[in-house]
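The figures that follow rest on heavy atoms only: side chains count, while hydrogens, waters and symmetry mates do not.
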Amino acid sequence: MTQPAGHETAIALARVEERMAAQTERFSEKFDELGKRLDEAHGRTEARIDSAEQRIDELEDRVDELVGDKNRLKGWMAGLAAAGTAAGAGVSQLLS
């Protein structure tokens with residue numbers, strides 16, 4: 001086999017360099033696109049987390065309201081029971 005002439009080697013090297021430059025450009029574009037997509041996905045994830053945290057806060061507030069309502073009802077029921085017991089005792093005294 002014979003060695004290619006110097007100018008053929010230079011041409012082949014230039015082609016390889018051109019292909020490498022083109023691949024580097026494509027990879028760079030792909031990495032930029034991936035970076036943008038990751039940033040967008042991260043932003044969506046952050047928004048979902050913020051929304052979930054807000055919903056949790058709202059639910060905790062609602063639970064607090066319901067616990068307060070329950071305690072008020074217990075108080076009213078105790079008051080009614082006491083009033084009923086007092087009324088019952090009064091009726092018993094009247095009947096005796």
Heavy-atom side-chain contact between Arg55 and Leu59 under 4.5 Å: yes
Nearest-0.5 Å distance, CG of residue Leu80 to CG of residue Leu73: 10.5 Å
Inter- and intrachain pairs under salt bridge (Lys or Arg N to Asp or Glu O under 4.0 Å), touching residues 68-84, at least two apart: Asp69-Arg72
Summary of salt bridge (Lys or Arg N to Asp or Glu O under 4.0 Å) pairs that have at least one residue in residues 77-88, sequence neighbours excluded: none
May I have the list of side-chain donor-acceptor pairs in residues 13-32 shorter than 3.5 Å, sequence neighbours left out?
residue : atom : partner : partner atom : Å
Thr24   : OG1  : Met20   : O            : 2.7

From CA spacing to verdict: side-chain contact (heavy atoms from CB on, under 4.5 Å), Gln54, Asp50: CA-CA 6 Å; Gln54 181 180 356; Asp50 291 345; over 6 Å; no
Please report, to 0.1 Å, the donor-acceptor pairs under 3.5 Å made by any side chain of residues 38-48, with sequence neighbours excluded.
residue : atom : partner : partner atom : Å
Thr45   : OG1  : Ala41   : O            : 2.9

Hydrophobic cluster of Val63, others only, ordered by chain and residue number, side-chain cut-off 4.5 Å: Val67
With Glu65 via side-chain hydrogen bond (donor to acceptor under 3.5 Å, both in side chains) - residues at least two apart: Arg62
